[in-house]
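Reckoned from all heavy atoms, side chains included, excluding hydrogens, waters and symmetry mates. In what follows, chains carry the letters A, B, and so on, assigned in the order in which the sequence lines appear, proteins first and then strands, with residues in each chain numbered from 1.
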Amino acid sequence: MGANALIEQLQRILGPANVVHSATDLMVFEYDGSVDAAIETARPVAVVLPETAEQVAAIVQLASREGLPIVPRGAGTGLSGGSVAQQGGIVIATTRMNRILEVDFDNRIALVEPGVINLELSDYVVPDGYFFAPDPSSQRACTIGGNIAENSGGPHCLKYGVTTNHILGLEIVTPDGKLHWIGGRGEESLGYDLHGVWVGSEGLIGIVTKAMVRLTPSPETVSVQLTDFIDVDSASNAVTEIIAAGIVPAALEMMDNLTIQAVEPAFHAGYPMDAGAVLLVEIDGVREDVADTAEEIAAICRLAGARSVRAATEKSERDLLWKGRKMAIAAMGRLAPSYYLHDTVVPRTRLASTLAQVGAISRDFDLPIANMFHAGDGNLHPLMLFDRKNHDQVERVLGASKELIKYCIDIGGALTGEHGIGTEKRDYMTLVYTTDDLAAMAGIKHAFDPQASFNPEKLFPRGYMCGEVRALRNAALAQKYGIYPM
Amino acid sequence: MMQNSNGYRPSSRVRSIAGVAAGEVTEPSTPAEVAESLATAVAQGSGVVPVGGGTHLGIGNAPARADVVLSTRKLDRILVYEPADMTLSVEAGATLQQVQGTLAERGQGMPIEVANPASATIGGVLATALYGPKRLGWGTLRDYLIGIAVAYPDGTVGKAGGLVVKNVSGFDLMRMHHGALGTLGVIVSANFKVLPAPRSERTVLLESVEMSALPAIRDACLNWRGKVAAFQIDKQNESASVAIRIDGRVRTTELLATELAGRVAQPSSILDPDASRSFWSSYVARFDAGNDPAFWWLRCHVQPSQSLGLFAQLCQLPELASAAMSAAPGLGYVDIRGDDGNADSLDRVLRHVRALCPRTRVVAMPESMRRDHDVWGDSVDSVDLMRQLKQEFDPERILNPGRFVGGL
């Protein structure tokens with residue numbers, strides 16, 4: 001089928017207003033939130049904006065008949081290239097499937113469409129004393145469907161868990177164009193934990209059309225403490241000591257001096273400009289508990305060398321302290337035209353040594369690197385500042401990135417804590433996983449998408465063909481054991 | 001029953017699985033050996049039944065074949081424990097007691113409870129997705145699982161996840177194997193994030209509560225500023241007993257327990273931390289088949305808001321007059337159990353219960369009845385997708401064939 005015939009068919013399913021196909025309109029869909037030094041951009045044949053699950057199924061059936069790739073997309077805020085159409089084909093953007101269908105406070109659940117914006121759901125239920133716990137920094141823009149695809153985290157997942165801990169069931173369209181319900185609708189489901197497999201599958205095995213999510217009761221009291229240290233070492237030690245004391249704060253964030261330099265002049269959150277690092281510690285729960293825990297944390301921080309401890313319980317004060325953290329990335333524009341945001345995770349006790357290594361890499365590659373991150377769970381976000389028009393700087397960023405990722409893996413860390421693999425980190429997968437590990441992951445892909453039509457060229461290393469790998473491996477085993485007739 | 005985790009030999013006890021005679025026992029001592037025995041089973045067309053502590057062999061349907069019993073008994077090492085990082089890597093055959101004991105030495109733990117922790121293994125708890133009342137406040141092992149290594153029928157061992165507390169590198173095979181009853185591969189080791197042990201706890205106990213008072217008590221417990229770790233209601237003759245567990249800091253648990261006792265507006269007693277702990281471990285121990293061949297246990301899943309209504313209906317069933325019954329109103333299930341399982345009466349019970357709650361699974365029932373009943377019931381969604389997974393990971397159907405949902 002030619003492109004024109006395809007567009008016509010798509011328009012028949014969706015109406016002309018929901019099919020984007022002109023070259024200029026498509027340009028905005030060539031990207032996601034990733035830095036373009038780290039991923040390649042690509043243009044789909046068409047972007048469709050369905051309004052119902054049935055339309056999604058019809059599009060997938062059409063693509064499947066025509067052998068066209070499908071790339072699911074939410075708000076396009078992803079940071080690993082996950083929603084870029086590497087092989088062209090059709091992008092299904094869920095942004096017009098944005099209704100909150102049901103809210104059931106008795107069972108603490110909500111049924112939502114995938115295009116609902118993360119923060120909109122929380123805003124909707126906050127008056128009744130609930131919130132949706134996953135809170136990625138992009139929560140003002142990102143969709144719940146995207147959160148599900150990437151298994152997104154956020155500052156508060158230290159206490160409340162990541163997206164997968166808050167998804168109870170999903171309606172999905174599988175690559176063969178069929179609609180399914182997987183998981184529960186408030187009650188527990190039996191059988192394989194399919195919704196657990198779907199969360200974090202980066203759009204490789206189908207597309208979500210509805211989600212049953214858990215609503216979390218809002219705590220009675222919230223307190224945020226800002227503590228400042230002369231260097232990142234003592235701040236890191238304070239993190240270790242807080243965790244070792246058996247305290248699980250709601251959030252435990254660190255920002256280094258370079259970050260403070262960008263943030264404080266922009267947002268006036270009250271971070272001391274001369275601090276080597278600040279910690280934002282949020283605790284929540286019943287008021288007596290919060291008071292006792294706050295006191296204990298303040299004592300630990302002072303012992304670890306904190307110069308000052310400032311506590312905020314009023315919402316406006318707390319919001320101001322958080323504003324600096326939440327807007328930190330935006331503030332980086334004050335320091336450089338481009339940035340590359342990393343997402344590695346290291347064991348919590350290795351924070352100090354990893355930050356020292358980040359400093360060394362910054363010097364070796366002559367690149368400013370700012371640190372603002374989820375210290376409580378060891379999830380680092382080193383942010384490399386550069387100018388993407390400067391080819392030499394781009395090369396240095398890529399070199400420094402490789403060095404950083406390798407170091408984190410060597411000390412037992414992970415490639416990504418909450419941003420996903422996508423295209424950005426696919427070639428690093430072999431640093432962490434063996435051929436056999438990847439083959440097991442390929443099993444999931446092959447089980448649900450044997451034609452490999454969903455989100456091609458993501459997650460697996462370049463050139464890796466899931467079906468082929470499984471077949472080759474089975475052939476080798478057939479020889480070894482005399483089984484699996486080919 | 002022997003309870004020593006070193007001397008205990010679960011696999012040697014296994015003579016049959018749900019009434020199907022079990023064949024030879026193999027006890028591999030490395031992950032590679034597990035994979036090798038699976039590949040051999042494929043070559044020979046044998047059915048393999050993976051066994052941990054053998055404490056919950058009652059879960060699942062009768063297997064089509066049980067030629068090989070694969071025991072994880074020799075895979076019992078704690079591989080990595082980093083108290084400061086609060087991460088743990090442990091082989092599948094380590095017992096829950098062994099793991100909790102190691103963690104407790106450093107004031108940490110995993111908030112997971114099963115009957116018979118001295119025998120139940122980590123691999124078994126993962127494969128069966130078992131949990132206790134504390135799930136209300138703390139979740140299940142699913143929520144703490146950060147990495148896994150699994151032996152597959154193709155003779156390989158595949159890992160996923162890692163040993164850090166947050167990780168989205170690649171597909172989530174951890175959750176695929178959690179609750180899969182070893183039908184997609186045999187878990188050989190698993191990594192967890194662990195938690196600080198609660199500094200203190202209290203339990204508020206209510207006896208002889210009128211059934212009609214239960215909804216108000218539920219609201220008092222669940223819609224409240226305090227967080228409840230566990231909340232169970234048990235049938236007690238014509239009335240009910242209620243147990244509410246609160247854990248956390250010393251001062252908080254004390255004052256919240258007192259406050260809650262006031263809120264429920266019923267005569268109550270408050271258990272101190274030691275009494276509270278022992279109350280809950282004996283509570284969980286009631287769900288142990290032990291050596292009782294007539295033990296049976298049904299779990300009925302509904303939405304949390306429906307669970308008290310279902311509990312009240314079940315309490316009225318004459319067939320269940322002598323059965324023990326517990327509701328978890330915050331979680332949405334009712335457990336029914338007894339030790340008088342005979343074919344006729346249990347048949348009737350199951351029919352009646354499933355008429356009220358289609359999503360009722362049999363967790364345990366006498367072996368003699370197993371071949372005639374689908375313990376999972378027929379209210380499972382998307383079995384066809386599950387079949388696709390099974391076909392991919394175990395195409396020759398050697399792993400627990402026929403024991404899982406939909407004949408998988």
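In terms of heavy-atom pairs under 4.5 angstrom with chain B, the leader among A/E202, A/R185, A/H419, A/K425 is A/R185. Most heavy-atom pairs under 4.5 Å with chain A, from the set B/V150, B/V165, B/L385: that is B/L385. Among A/D106, A/T349, A/N379, the residue with the largest count of heavy-atom pairs under 4.5 Å with chain B is A/T349. Of all the listed residues (A/T164, A/L459, A/I182, A/N151), the one sharing the greatest number of non-hydrogen pairs under 4.5 Å with chain B is A/T164.
B/R249 CZ to A/I247 CD1: the interatomic distance, rounded to the nearest 0.5 Å, is 6.0 Å. For the atom pair CD1 (A/I205) and NZ (A/K445), the distance works out to 8.5 Å, reported to the nearest 0.5 Å.
Heavy atoms closer than 4.5 Å to chain A are found in the side chain of B/R199, but not in its backbone. Within the 4.5 angstrom heavy-atom criterion, no atom of B/K227 approaches chain A. Contact annotation for B/V405: only side-chain heavy atoms (C-beta onward) come within less than 4.5 Å of a heavy atom of chain A. If you measure heavy-atom distances from B/R225 to chain A, the contacts under 4.5 Å come from both the backbone and the side chain. Of the two parts of B/D219, neither the backbone nor the side chain holds a non-hydrogen atom closer than 4.5 Å to a non-hydrogen atom of chain A. Contacts of B/T253 with chain A are absent, with no heavy-atom separation under 4.5 Å from either backbone or side chain.
Using a 4.0 Å cut-off between charged nitrogen and carboxylate oxygen, A/D193 and B/R175 do not count as a salt-bridge pair. A salt bridge does not link A/E188 with B/R359: every distance from a Lys NZ or Arg NE/NH1/NH2 to an Asp or Glu carboxylate oxygen is 4.0 Å or more.
Of the N and O atoms on the side chains of A/W198 and B/D172, not one donor lies less than 3.5 Å from an acceptor on the other residue.
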**Message:** Does A/H195 form a side-chain contact (heavy atoms from CB on, under 4.5 Å) with A/S189? I'd like the steps, not just the answer.
**Reply:** CA-CA 10 Å; A/H195 60 294; A/S189 56; 4.1 Å; yes

